[in-house]
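Just so we're on the same page: letters track the sequence lines, and every chain starts at 1.
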Protein chains: 2
Amino acid sequence: MKGTLKTIILHLLENEGRMYGYEISQKVKELSLDRIQLTEGALYPTLHKLEAEGWLNVEKEHIGRRVRKYYSLNKKGESMATQKIEEFKEFMDTMKLVLHLQPK
Amino acid sequence: MKGTLKTIILHLLENEGRMYGYEISQKVKELSLDRIQLTEGALYPTLHKLEAEGWLNVEKEHIGRRVRKYYSLNKKGESMATQKIEEFKEFMDTMKLVLHLQPK
DNA sequence: GCACATACCTAAGAATCTTATGTATATTGC
DNA sequence: GCAATATACATAAGATTCTTAGGTATGTGC
């Protein structure tokens, strides 16, 4: 995933408002046309890290007998989402220059 | 650099024919409009790895009293260069889908 | 009831990059 | 002439991020 996992998660939360881990992995699979299969070993530690960095709110909900953890962006998280997307766009533009790819 | 260093090196060698390490770092700086500053700690180990994987030819040349190591693609390296560029394009397309970016 | 999907989690190891350091020669500015 | 900078190679410690592999448990479809 080349270091873009945080960017993806922040963007999805910005777009959807509120998501839980498993839901994020399914959404990424769907949006990427099955090309990105998020592994749990990457997903959950990253969510915990984003939370620890103070960018996410977490709410636990009981669905039947199971606990589901819903994540959403707080204010800091919102500005981080915007920033990460901008950084990624700039990264793509730079790579196009270096790899001599036509902007299409 | 998000895992794109090999791709960049292979592409530059494909494009320029023959380059040495320091020259590669300067070319990347130039093409990226100073946005990518390749560090030697990343560059040289990667060159050695590409060589060990059997994708590069190496020729040593004496410039004054110094030794310069010129790298070029062999056949395997040429097909790897093409493949890596294709993979990167697909990666960008996938990211555009996931991040809801307009193809421009 | 058994397979599969849902839903969370962690830990070991691999890969890649940054930072720091080392060595040495060549060139440029004053 | 000499000091600073540029050229040119290299390695090693540590950080980050990801893969692989394992663990636990509930819910659903046939």
Side-chain angles (χ1 to χ4, degrees), chain A residues 1-10 12 16 18-30 32 34-53 55-56 58-71 80 84 87-88 91 94-95 98, chain B residues 1-10 12 16 18-30 32 34-53 55-56 58-71 80 84 87-88 91 94-95 98:
Chain A
M1 286 308 310
K2 304 184 182 175
T4 57
L5 184 50
K6 281 187 182 180
T7 306
I8 291 173
I9 292 174
L10 291 173
L12 288 185
E16 304 272 328
R18 202 172 105 101
M19 297 182 92
Y20 54 97
Y22 188 75
E23 190 184 9
I24 291 173
S25 71
Q26 297 307 301
K27 191 72 185 176
V28 169
K29 188 173 186 286
E30 178 201 326
S32 70
D34 281 20
R35 288 192 279 230
I36 299 178
Q37 187 73 28
L38 268 193
T39 60
E40 297 166 311
L43 175 61
Y44 291 113
T46 302
L47 282 171
H48 299 160
K49 195 163 188 188
L50 291 173
E51 187 191 349
E53 284 169 317
W55 302 344
L56 302 188
V58 191
E59 292 160 324
K60 290 187 188 180
E61 274 190 28
H62 289 269
I63 307 292
R65 248 176 288 185
R66 276 199 298 219
V67 179
R68 197 185 271 175
K69 288 175 78 177
Y70 275 97
Y71 293 91
M80 277 310 302
K84 285 280 187 183
E87 278 173 17
F88 183 73
F91 166 70
T94 304
M95 286 301 289
V98 175
Chain B
M1 286 309 310
K2 305 186 181 175
T4 57
L5 184 50
K6 282 187 182 181
T7 306
I8 290 173
I9 292 174
L10 291 173
L12 288 185
E16 304 272 329
R18 204 173 102 102
M19 298 181 89
Y20 55 97
Y22 188 76
E23 190 183 10
I24 291 173
S25 71
Q26 297 308 300
K27 191 72 185 176
V28 169
K29 188 173 186 287
E30 178 200 327
S32 70
D34 281 18
R35 288 192 280 230
I36 299 178
Q37 188 73 26
L38 267 194
T39 59
E40 296 165 310
L43 175 62
Y44 290 112
T46 302
L47 282 171
H48 299 160
K49 195 163 187 189
L50 290 173
E51 186 191 350
E53 284 169 316
W55 302 342
L56 302 188
V58 191
E59 291 159 324
K60 291 187 187 181
E61 274 188 30
H62 289 269
I63 307 293
R65 246 177 290 185
R66 274 199 299 217
V67 179
R68 196 184 272 176
K69 288 174 78 176
Y70 276 97
Y71 293 92
M80 275 311 302
K84 285 279 188 186
E87 277 172 18
F88 183 74
F91 166 69
T94 304
M95 286 301 289
V98 174

Colleague: It should be established whether B/Lys60 places a side-chain nitrogen or oxygen under 4.0 Å from OP1 or OP2 of nucleotide D/dC9.
Modeller: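 No, because none of the side-chain N or O atoms of B/Lys60 sits under 4.0 Å from OP1 or OP2 of D/dC9.
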Colleague: If each of B/Tyr71 and A/Ala42 is mapped to the nucleotide of DNA chain D with the nearest heavy atom, which maps nearer the 5' terminus, i.e. the 5' end?
Modeller: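 In this pair, the answer is B/Tyr71.
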Colleague: Just the rounded figure in Å: distance from C1' of D/dC9 to CD of B/Glu61.
Modeller: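 My rounded result for the distance is 15 Å.
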Colleague: I'd like the 5' and 3' limits of the part of DNA chain C contacted by chain B, with heavy-atom contacts below 4.0 Å.
Modeller: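 Range of nucleotides within reach of chain B: C/dT16 to C/dA26.
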Colleague: Would you mind reading off the distance between A/Tyr44 atom OH and D/dT24 atom C1', rounded to a whole angstrom?
Modeller: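 So the OH-C1' distance, A/Tyr44 to D/dT24, works out to 13 Å.
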Colleague: Mind checking A/Ser25 for me? I need base, sugar-phosphate or nothing, with any heavy atom below 4.0 Å counting as a touch.
Modeller: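 No contact.
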Colleague: For the atom pair OG1 (B/Thr46) and CD (B/Glu51), what is the distance rounded to the nearest 0.5 Å?
Modeller: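 Answer for the OG1-CD pair, B/Thr46 versus B/Glu51, is 12.5 Å.
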Colleague: Using atom CD of B/Glu30 as one end and atom P of D/dT7 as the other, report the distance to the nearest whole Å.
Modeller: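 Atom-to-atom, B/Glu30 to D/dT7, this comes out as 13 Å.
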Colleague: Relative to the 5' end of DNA chain D, which residue comes earlier, A/Lys49 or B/Tyr70, by the nucleotide with the nearest heavy atom?
Modeller: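 Closer to the 5' end of DNA chain D: B/Tyr70.
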Colleague: Between A/Glu87 and A/Lys84, is the side chain to side chain contact (heavy atoms under 4.5 Å, CB included) condition met? List the steps.
Modeller: CA-CA 5 Å; A/Glu87 278 173 17; A/Lys84 285 280 187 183; 4.1 Å; yes
Colleague: State which residues pass ring pair (Phe, Tyr, Trp, His ring centres under 6.0 Å) with A/Tyr71; sequence neighbours excluded, sorted by chain then number.
Modeller: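 For A/Tyr71 there are no ring pair (Phe, Tyr, Trp, His ring centres under 6.0 Å) partners, ignoring immediate neighbours.
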Colleague: Nearest-Å distance, OH (B/Tyr20) to P (D/dT7)?
Modeller: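 To the nearest whole Å, that distance equals 8 Å.
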Colleague: Rounded to whole angstrom units, what separation is found between the CD atom of A/Gln37 and the C1' atom of D/dT20?
Modeller: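 Taking CD of A/Gln37 and C1' of D/dT20, I get 14 Å after rounding.
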Colleague: Without decimals, in angstroms, what is the distance between B/Leu43 CG and D/dT7 C1'?
Modeller: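 These atoms are roughly 13 Å apart.
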Colleague: Do B/Leu43 and B/Ile9 make a side-chain contact, defined as non-hydrogen atoms from C-beta onward lying under 4.5 Å apart?
Modeller: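 In contact.
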Colleague: Could you check which of D/dT26, D/dT17, D/dT19 has an atom nearest any side-chain atom of A/Arg65?
Modeller: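 It is D/dT26.
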Colleague: Is the NZ or CZ atom of B/Lys2 positioned over A/Phe91's six-membered ring, under 6.0 angstrom from the centre and within 45° of the axis?
Modeller: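 Relative to the ring axis of A/Phe91, which defines the angle, B/Lys2 lies inside both limits.
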Colleague: With a cut-off of less than 4.0 Å, is there a side-chain N or O of B/His48 near OP1 or OP2 of D/dT11?
Modeller: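 B/His48 to D/dT11 OP1/OP2: side-chain N or O found under 4.0 Å.
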Colleague: Would you kindly give the CG-to-P distance between A/Leu50 and D/dT17, to the nearest whole Å?
Modeller: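 Taking CG of A/Leu50 and P of D/dT17, I get 10 Å after rounding.
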Colleague: Starting at atom CG of A/Leu5, determine the distance to atom C1' of D/dT16, rounded to an integer number of angstrom.
Modeller: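 The answer, rounded to whole Å, is 13 Å.
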Colleague: Base, sugar-phosphate or nothing for B/Gly41? Non-hydrogen atoms, less than 4.0 Å.
Modeller: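 Counting heavy atoms under 4.0 Å across all strands, the contact made by B/Gly41 includes a base.
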Colleague: Could you tell me whether A/Gly3 contacts a base, only the sugar-phosphate backbone, or nothing, with contacts defined as non-hydrogen atoms closer than 4.0 Å?
Modeller: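 Contact class for A/Gly3: sugar-phosphate only.
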Colleague: Going by salt bridge (charged side-chain N to carboxylate O under 4.0 Å, His left out), B/Glu59 matches just one of B/Lys69, B/Arg18, B/Arg68. Which one?
Modeller: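 Of B/Lys69, B/Arg18, B/Arg68, salt bridge (charged side-chain N to carboxylate O under 4.0 Å, His left out) with B/Glu59 is met by B/Arg18 alone.
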Colleague: Any side-chain heavy atom of A/Met95 sitting closer than 4.5 Å to one from B/Ile8?
Modeller: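 With C-beta onward as the side chain, the pair touches.
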